[in-house]
Amino acid sequence: AWATWEYDEAREEFRLRASDYVDEEDAAALQVAAPVTTIRRGLGVTSQVLELPQPVQIHEIAVGGAEENPIGQRLIAAGHHALLAVPLLREDEVLGVLVVTRKTRGEFQPEVVQLLSPFATQSGLTVRMCSPSPAMPVPEPLPFFMQWSLGVEGGGVYCRQVARGN
């Protein structure tokens, strides 16, 4: 399973932006009647990543104090054991956290951490562009060779033709 959490500095909380689960049973266990969509700063691995900012691994979720927060309880109930949290960075600023969990205990392979770190950094740019404001961000004028623009706003994908700028 994985989830992307965006940090809202004004509210001092992380907000769930996207998630996916390997099977339907996990989705049902992790999204029971009241899905968790925010995590307060200071609670859980997301805050550890915010303070460091570097990848954080939990080899056994049940031992790491996860039973104290609602998401940790649900992960344990769904049979997840290990967790890897990687910062979503933009110019050394933590915009959010990418969290990956699995049902086997132990440390994630160094190759996995090395793969997810640059991926998370690139994803940090996407989180910043997908602002919840109703106004659509306007990019700088595009070079002439680019005949269309593809982007993401509010969870949806859009494509528009651009004749040399906006």
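In this chain, numbering begins with 1 at the start of the sequence shown. Atom set for the values below is all heavy atoms of this structure, side chains included, hydrogens, waters and symmetry mates excluded.
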Side chain to side chain contact (heavy atoms under 4.5 Å, CB included), that's the test. Do Glu13 and Tyr7 meet it? Break it down for me.
CA-CA 6 Å; Glu13 68 183 13; Tyr7 183 61; 5.9 Å; no

How many angstroms lie between CG in Leu98 and CH2 in Trp5, if you round to the nearest 0.5 Å?
12.0 Å

Taking the side chain as everything from C-beta on, heavy atoms only, tell me whether Pro55 gets closer than 4.5 Å to Leu84.
yes

Looking only at heavy atoms, the pair that brings Ala62 and Ile76 closest together is CA-CD1, 3.7 Å

Just how far is it from atom OG1 of Thr4 to atom CG of Asp20, taken to the nearest 0.5 Å?
10.0 Å

Checking Glu9 now: which residues fulfil salt bridge (charged side-chain N to carboxylate O under 4.0 Å, His left out) with it, not counting sequence neighbours?
none

Are the side chains of Phe14 and Asp8 in touch, meaning some heavy atoms are under 4.5 Å apart?
no

Checking Glu93 against Leu95 for the side chain to side chain contact (heavy atoms under 4.5 Å, CB included) test, could you report, in this order, the C-alpha distance in whole Å, the side-chain angles of both residues, the deciding distance, and whether it holds?
CA-CA 6 Å; Glu93 175 189 2; Leu95 301 176; 3.9 Å; yes

Between OG1 of Thr101 and CG of Leu83, what distance do you get to the nearest 0.5 Å?
6.5 Å

Find out whether Val49 and Val86 are in side-chain contact, i.e. whether some heavy atom of one side chain is under 4.5 Å from a heavy atom of the other.
no

Nearest-0.5 Å distance that lies between atom CG in Leu88 and atom CD in Glu6:
9.0 Å

Walk me through whether His81 and Thr104 qualify under side chain to side chain contact (heavy atoms under 4.5 Å, CB included).
CA-CA 6 Å; His81 293 282; Thr104 56; over 6 Å; no

Interatomic distance, Ile61 atom CD1 to Arg102 atom CZ [nearest 0.5 angstrom]:
10.0 Å

Atom CG of Leu43 and atom OG1 of Thr38: how far apart are they, to the nearest 0.5 Å?
10.0 Å

Is a side-chain N or O of Ser47 found less than 3.5 angstrom from the main chain of Gly42, in a donor-acceptor match?
yes

Identify each donor-acceptor pair in which a side-chain atom of residues 105-115 lies under 3.5 Å from a protein atom, sequence neighbours left out, and give them as a table.
from: Arg105; atom 1: NE; to: Glu60; atom 2: OE1; distance (Å): 2.8

Using side chain to side chain contact (heavy atoms under 4.5 Å, CB included), reason through Arg41 and Leu50 one step at a time and then give a plain yes or no.
CA-CA 9 Å; Arg41 182 177 180 170; Leu50 182 66; 3.5 Å; yes

